[in-house]
Each structure stands twice: as structure tokens, then as C-alpha cells.
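Quick caveat, the model's predicted, so the values are computed rather than measured.
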Amino acid sequence: EMHKYAAVIIEHSPAIVFRRLAAEALDHRKMAYVSPNISRFGYTAEEFINNRIIFRHIVHPDDTERVVWEIQSYVNKGIEEYKQVYRIITRAGDVRWIEDHTSVVDDPDTGLRYHQGIVVDISNRIAAEEKLRNSEMKYRRIVETTGEGFLLMDKDLNVADLNNAYCRLVKSTKAN
């Protein structure tokens, strides 16, 4: 009964649940389970479980080498819980940023070792961070290149920011 509730929660969750064999050889790291909500990327769980699609093949080509290297280095160091951020390509060809939380677990029933965890689409967060970064760079460029003196104080009248033109105005040098 509880299993049914868990399945419904996972299906409506932004997190995709996975479990793959923790084999030495890359080709043996077969998916044992992928939650059906992998469909949000245009794939079916069966494609992964039947090895018709291998997860690392949907990882963006520019990230594949790093992702495989990071996993191998965690394995080599005996790190059994880790987080990775990388891009995947959906069936429709869209690029999505994901955060992958993985744990290494030993299954007492089978005696096999698995990597299991969740994958969450963080594309909106990445886009918002990029927008903020660009906005901050634009602000910084305006402040630094203007010929006018610029001084920003917080509510307690502490200097929060100033530019070189302001320093020249008061004949001092900017302290970083």
C-alpha cells in the first residue's frame, strides 16, 4: 500500500529516481530502475532499463568526459555520496541542466553494489543565475567606466561600493 503512495509521489515530483549497477566497466553500469517521470525529458524508463538508451549517452557531449571522470574519481577515493551538475539532451533535442545526487548502496538481498539517487532539472535556476550574473556585470561596467564619481552607502551609512572616479574626486586610492 505504501509503495503505491510512493510511486504517485515520485511521478508528480520534479526528482527523477534512478538506480544503476556500480560496475567497474562503464558498459556494465546498467540501469536497474528509473522512475517513469523520466518522460519529462522525452524518454521512457523501459528504454534505460532494457539498455536501449544508456544514460551517459544523453549527457551533453561537452560534459560527458567530465561527468565520467568525476564519477571515477569518487569511486577511486571511496566517496559514496556526491552531487554533480551537468547538461543532458532531451529526446526533442533541448538542453537541460540537471543536478544529480548519487549515493553508493550495497543491496543485502543481491549482494550487489548500486549507485542510486535523484536527478532534478535545474535549468530555470541556472538561467536565473546567468541573468543575475549578466546584470551584475553590466552594473559593474557602468560603475567602473563612468566619469562621474559613484558612492553607494547602506542604511547604516557604511560605504557599500564606490568607483575610481569617486576616489579621484576625493584624491584617494580605491581600497579593494
Side-chain angles (χ1 to χ4, degrees), residues 1-137 139-140 176:
E1 192 62 28
M2 198 60 189
H3 179 69
K4 253 189 269 177
Y5 292 125
V8 170
I9 290 167
I10 290 168
E11 186 56 40
H12 293 91
S13 161
I16 293 159
V17 178
F18 69 88
R19 185 178 219 203
R20 78 173 169 264
L21 217 48
E24 274 302 311
L26 273 181
D27 297 340
H28 296 149
R29 293 180 186 168
K30 183 182 172 333
M31 281 292 187
Y33 176 80
V34 180
S35 56
N37 60 352
I38 187 81
S39 61
R40 70 188 55 201
F41 297 136
Y43 303 105
T44 68
E46 291 73 31
E47 290 174 306
F48 290 98
I49 293 162
N50 297 331
N51 251 17
R52 287 201 302 276
I53 296 179
I54 296 168
F55 192 81
R56 79 174 172 280
H57 293 167
I58 73 166
V59 174
H60 192 286
D62 293 347
D63 295 347
T64 305
E65 196 177 313
R66 173 180 59 85
V67 168
V68 170
W69 179 86
E70 284 174 357
I71 293 170
Q72 197 53 55
S73 88
Y74 293 134
V75 169
N76 295 347
K77 292 174 184 166
I79 295 170
E80 299 200 337
E81 217 165 284
Y82 53 88
K83 178 179 84 174
Q84 293 176 289
V85 173
Y86 53 88
R87 293 164 292 178
I88 62 155
I89 298 173
T90 67
R91 174 160 274 143
D94 299 322
V95 174
R96 307 298 297 169
W97 281 94
I98 63 165
E99 191 170 85
D100 175 331
H101 296 261
T102 300
S103 298
V104 179
V105 293
D106 293 312
D107 187 324
D109 297 333
T110 61
L112 296 172
R113 176 165 273 215
Y114 293 94
H115 289 177
Q116 69 182 30
I118 60 167
V119 166
V120 181
D121 186 335
I122 59 164
S123 300
N124 293 342
R125 186 180 90 198
I126 296 283
E129 288 170 357
E130 181 69 16
K131 197 172 173 184
L132 181 63
R133 206 170 16 260
N134 289 340
S135 165
E136 286 171 349
M137 281 169 41
Y139 161 82
R140 176 65 32 219
N176 286 332

What are the two closest heavy atoms between [X] and [Y], and how far apart are they?
X: Arg91; Y: Gly42; value: NH1-O, 2.8 Å
X: Asp107; Y: Asp109; value: OD1-N, 2.8 Å
X: Ala45; Y: Ser35; value: CB-O, 4.2 Å
X: Phe18; Y: Thr102; value: CZ-OG1, 3.3 Å
X: Pro14; Y: Arg40; value: CA-NH1, 3.2 Å

Side chains of [X] and [Y], heavy atoms from C-beta outward: is any pair under 4.5 Å?
X: Ile89; Y: Ile58; result: no
X: Met31; Y: Ile38; result: no
X: Asp106; Y: Arg113; result: yes

Using the six-membered ring wherever Trp is involved, compare the ring planes of Tyr82 and His115 and label them parallel, tilted or perpendicular (cut-offs 30° and 60°).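 Tyr82 and His115: perpendicular rings.
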Nearest-0.5 Å distance that lies between atom [atom1] in [X] and atom [atom2] in [Y]:
X: Thr90; Y: Phe41; atom1: OG1; atom2: CZ; answer: 8.5 Å
X: Lys30; Y: Arg20; atom1: NZ; atom2: CZ; answer: 13.0 Å
X: Asp63; Y: Arg56; atom1: CG; atom2: CZ; answer: 15.0 Å
X: Thr44; Y: Ile49; atom1: OG1; atom2: CD1; answer: 8.5 Å
X: Ile88; Y: Ile16; atom1: CD1; atom2: CD1; answer: 6.5 Å
X: Ile71; Y: Tyr74; atom1: CD1; atom2: OH; answer: 9.0 Å

Asn50 side chain to Arg52 main-chain N or O, any donor-acceptor pair under 3.5 Å?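 Judged by distance alone, no pair lies under 3.5 Å.
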Does this structure show an ion pair linking Glu130 with Arg133, if we count only N-O contacts that are shorter than 4.0 Å?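 A salt bridge is present here (some side-chain N lies under 4.0 Å from a carboxylate O).
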Between Arg125 and Glu129, is there a salt bridge with N-O shorter than 4.0 Å?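 Judged by the 4.0 Å cut-off on N to carboxylate O distance, Glu129 and Arg125 do form a salt bridge.
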Between Asp100 and Tyr86, do the side chains contain a donor N or O and an acceptor N or O under 3.5 Å apart?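 A donor-acceptor contact under 3.5 Å links the two side chains.
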Looking at Tyr114, does the NZ or CZ of Arg19 lie under 6.0 angstrom from its six-membered ring centre and within 45 degrees of the ring axis?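 The answer is yes; both the distance and angle limits are met.
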